[in-house]
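Ligands are counted one by one from 1 in listed order, and the atoms in each one are counted from 1 as well. None of the values given here were measured: they were computed from a predicted structure.
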Amino acid sequence: MDFFKLLGAGAKFDKKRFGEDITLFKPARRDTTNTVDVVDTVPKELDFFGDHSRQKPVSKIPASQLSGSASQYVQATNDHAPFENNEQVAAFLKRHRIKVTGSDIPHPIKTFTMLCKEHKYQPFVLRNLEKFGFKQPTPIQMQAIPVAIHRRDLIANAPTGSGKTLAFLLSILHQVHSEEKIGYRAVVVSPTRELATQIFDHLKNLTSGRKVRCCLLTKNSAMAQAQDPKMRQKYDILVTTPLRLVHAIQNKEADLSHVHSLVLDEADTLMEKGFLEQVDEIMAACTSSQLQISLFSATMPSSVEQMAKTIMKDPVRIIVGTQNAATELVDQQLVFVGQEEGKLLELRNMIHRGFKPPCLLFVQSIDRARDLFHELVFEGINVEVIHSERTQAQRNRIVQKFRTGELWVLICTELMARGIDFKGVNLVINYDFPQSTQSYIHRIGRTGRAGRPGKAITYFTKEDAPYLKTIVNVMRESGCQVPDWMLKLKNPQKKEKKKLKKTPLERDTISTVPKYDAKKQKHKQQIIEQSKAKKQRSQQ
Ligand SMILES: Nc1ncnc2c1ncn2[C@@H]1O[C@H](COP(=O)(O)OP(=O)(O)OP(=O)(O)O)[C@@H](O)[C@H]1O
């Protein structure tokens, strides 16, 4: 019957014809009961580091003792009393592991009700917060919101899944409470379309029932605004990716001269090569002298902070927990797989033993994502693959399916590493070793969100071993127990780290086909593609 259910996955059975029997034909659901831990599974022959790499699940700090996570803020407090002195403020910040630096720092808020009582937020904000289950601010929200209310530039660094989105959205709502029709007054820039869409949905929930008008800049919405300039006046808040906005600015489809609040989400990536020029152009278009800039990310390298400070006025800097650390809610494991083939072996073993979906599988390139998908599609698990070469419609559909639980395993590239908030992801597997510490922190941060525990497994081969220490450092920082021998590993040199960040390691193709045959196949494919290209050229 199980086999039948697997084969029938996705098929629709007519209720009229099958009556009560319909339950028998329900597609195979994820089995969350029969699950096994995936640690301690390196085949002996692949155990390069001996028993050391057969790591046991690490003992963790109990979630109840953590701050920066949702575990402690989901319980609402009745303490609305204003702070009486600086000692009280300092004790409050210490309790929530909030470090804040800068001049003249506004006091944190203790509860969301304080937004209305002390900061003149409209009641609809509180109603919507309640409606969507936000009872108590998280540490980053406690401090970042008052900083923005006081119109101060802000650099905010808080763990993945700790509520940074709500922190900047509530900050923006304070700026746009009046009903002027002057066009965009706040802009949120995020690196991917998926993340921009998620932020936009969050914003729509927060403003539901009110006349705050939000726009997600897409090809269509930009075109509509180009054809009808009056439409531009309609919107208050813009959510966008950098390139889309730059196009709109260049084509005179977007006017940012009234923007008072500019938020860069995942700011460190936006301030890297590739995005930096676009961000510069966006900033140049925000001509208001009252512009307030906020940068948010779970990772904020000091080089980025230095650069940011050159464009900010007297910024306040907030760090929740340990700077640039992974969330403490994730049980992190490193698994040695020997050679490239060891990964597929390890993964298949895990699938056959049983695992707890939903699971995200990260690889380093689009080709590898495709290859891995072709290997897993016959494993009887509901698996899909997402990367930037899939169409927008496909990407939207896959994200939706993963959100609803229809998909158990999602193979992805770095596209999904940042910001995406899939509720209840149980497992993240770094099939390919991440190219930087930041990438590792963001990837594993797709689980262990909003106070829920999660698990992350990182496969490493002999070739990855020189970079192992970078991940070991993160594990130790976030409270994981790491064996002594790992702590004694050498840190890779700065030069090596830079090189890896720029170019991923070359890896053997993901394939069950023996290496010799795979090479032959690849060669054949190359010849076919070359002759196709030649034919096309001769036809032009
Ligand atoms: N005050 C709150 N109470 C309860 N849940 C919250 C609160 N604020 C945010 N959340 C929830 O926590 C989850 C993570 O929030 P969010 O996506 O903003 O994290 P983040 O800090 O931006 O993470 P990342 O660095 O990965 O982008 C979301 O599901 C969000 O709805």
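- Ligand 1 lies less than 4.0 angstrom from a heavy atom belonging to E266.
- With a 4.0 Å cut-off on non-hydrogen atoms, D421 touches ligand 1 through its side chain and not its backbone.
- Ranked by closest heavy atom to atom 23 (O) of ligand 1, the top entry among G133, G424, G161, A156 is G161.
- Residues E414 and S439 have side chains that bring a donor and an acceptor to within less than 3.5 angstrom of each other.
- A donor-acceptor contact closer than 3.5 angstrom is absent between the side chains of N86 and Q88.
- Within the listing of ligand 1, atoms 1 (N), 2 (C), 3 (N) sit less than 4.0 angstrom from a heavy atom of Q136.
- Between R418 and ligand 1 there is no heavy-atom distance shorter than 4.0 Å.
- Of the candidates I155, I98, T101, I318 forms a side-chain contact (heavy atoms from CB on, under 4.5 Å) with just one, namely I98.
- At a 4.0 Å cut-off, at least one heavy atom of P159 sits close enough to ligand 1 to count as contact.
- Checked by atom type, the side-chain pair N324/T299 shows no donor-acceptor distance below 3.5 Å.
- Contact annotation: A158 has no heavy atom less than 4.0 Å from any atom of ligand 1.
- Those atoms of ligand 1 with a heavy atom of T165 less than 4.0 angstrom away are 16 (P), 17 (O), 18 (O), 22 (O).
- Using a 4.0 Å cut-off to heavy atoms of S162, the atoms of ligand 1 that qualify are 19 (O), 20 (P), 21 (O).
- Judged by distance alone, the side chains of D265 and S297 never bring a donor and an acceptor atom under 3.5 Å apart.
- Applying the 4.0 Å criterion to heavy atoms of L166 picks out, from ligand 1, the atoms 8 (N).
- Side-chain contact check for T111 versus Q136: some heavy-atom pair is nearer than 4.5 Å.
- Side-chain contact between L217 and L238 is present, with heavy atoms from C-beta onward closer than 4.5 Å.
- Selection from Q198, R449, K135 by nearest heavy atom to atom 24 (P) of ligand 1 gives R449.
- Of all the heavy atoms of K164, the ones lying under 4.0 Å from any atom of ligand 1 are found in both the backbone and the side chain.
- Any N or O atom pair closer than 3.5 Å counts here, and H202 shares no such pair with ligand 1.
- For the pair K131 and F124, the cation-pi criterion (under 6.0 Å, within 45° of the ring axis) is not fulfilled.
- Note: an N/O pair closer than 3.5 Å links R446 and ligand 1 by distance alone.
- Taking the six-membered ring wherever Trp is involved, the centroid distance between the rings of F433 and Y467 does not fall below 6.0 Å.
- By the 4.0 Å heavy-atom criterion, G445 is excluded from the residues contacting ligand 1.
- Contact annotation: for K423 versus ligand 1, heavy atoms closer than 4.0 Å belong to the side chain alone.
- With ring centers used as reference points, F402 lies under 6.0 Å from F422.
- Which of S190, G163, G448, A298 comes nearest to atom 15 (O) of ligand 1 through a heavy atom is settled by distance: it is G163.
- F168 and H174 have their aromatic ring centers separated by at least 6.0 angstrom.
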